[in-house]
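Computation of the quantities below employed the complete heavy-atom set of this structure, encompassing side-chain atoms and omitting hydrogens, waters and symmetry-equivalent molecules.
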Amino acid sequence: WACPLRMLWGGRGALAAADALPGAWRTPALGAWLAVHAAFVVPFYTHDLTAIHVDHPSKKPPRDWPELAWLRERGEGVVTNLPAQAGWYADVPAVALPTDPEDVPRIVAVRPARYLMVSTLNIGTLGDLPLWLDMLRPDLGGLHRWCASHGYRVAAVLPGAVFVDLKPR
């Protein structure tokens with residue numbers, strides 16, 4: 001929303017700078033400013049951002065990722081390291097994964113989240129969450145022990161994510 005205002009503000013500056021130039025240089029200078037502006041702004045408004053594949057093994061766009069389809073089919077809230085993608089593409093309430101797994105029960109007590117999804121995709125930046133990473137290595141043993149200590153269960157393991165049922169029936 002602010003881009004048009006910034007363009008006008010930048011345009012005023014470009015006009016002021018052009019006024020300081022000799023007459024023959026004004027038109028080419030303004031033309032160069034418009035060309036540079038168009039080179040940055042036009043692609044932003046015309047590029048289909050939903051077509052970005054973001055390094056998923058399936059080479060599909062986020063709306064077609066199997067991990068998000070799994071959530072979409074269930075239609076219930078999730079705690080995840082991909083909250084924006086889960087909320088937007090799976091259309092479920094999503095809460096960001098805490099850095100400490102022991103915070104999950106407190107989150108679930110106040111937020112409607114049925115599942116926990118820990119994505120192993122690069123976009124999930126699991127390397128920034130060492131406690132979760134340790135639970136998943138080497139064979140999900142730590143995750144199974146954590147689930148048992150809280151009354152949870154592993155609901156599904158897909159190539160790009162692990163799902164935990166936070167309210168098993």
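Listed by chain and residue number, V95, I107 satisfy the side-chain contact (heavy atoms from CB on, under 4.5 Å) test with R111 (two or more places apart in sequence, or in another chain). With sequence neighbours left out, the side chain to side chain donor-acceptor pair (under 3.5 Å) criterion links Q85 to no other residue. Among residues two or more places apart in sequence or in another chain, the side-chain contact (heavy atoms from CB on, under 4.5 Å) test is passed with D91 by none. Residues satisfying the side-chain contact (heavy atoms from CB on, under 4.5 Å) criterion with A90, sequence neighbours excluded, are L68, L71, R72, V92.
Minimum interatomic distance between P83 and A94 (heavy atoms only, all atoms of both residues): O-CB, 3.4 Å. Summarising the geometry of L158 relative to P66, their closest heavy-atom pair is CD1-O, 3.9 Å, with the distance given to 0.1 Å. The two residues A113 and V108 make their nearest non-hydrogen contact at O-CG1, 3.9 Å.
Here N81 contributes atom CG and M117 contributes atom CE; the two are 6.5 Å apart, rounded to the nearest 0.5 Å. One distance of note links CZ of F163 with CZ of R114; it measures 13.5 Å at 0.5 Å rounding.
Counting only distance, with no hydrogens or angles, the side chain of E67 and the backbone of G160 share a donor-acceptor pair below 3.5 Å.
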Report, one line per pair, each donor and acceptor closer than 3.5 Å where one atom sits in a side chain of residues 123-140; sequence neighbours left out.
| from | atom 1 | to | atom 2 | distance (Å) |
| --- | --- | --- | --- | --- |
| W132 | NE1 | P98 | O | 2.7 |
| D139 | OD1 | G141 | N | 3.0 |

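Placement of W88 and V78 within a single hydrophobic cluster is found when ILVMFWY residues are connected by side-chain heavy-atom separations under 4.5 Å, directly or transitively. V104 and L143 fall within a single hydrophobic cluster, where Ile, Leu, Val, Met, Phe, Trp and Tyr are joined by side-chain heavy atoms under 4.5 Å apart, directly or via other members.
The aromatic rings of W65 and H56 sit parallel to each other, their planes meeting at less than 30°, with 60° as the upper class boundary.
Among residue pairs with one or both ends in residues 98-109, those qualifying as side-chain hydrogen bond (donor to acceptor under 3.5 Å, both in side chains) are E102-W146, E102-H150, D103-R106; sequence neighbours excluded.
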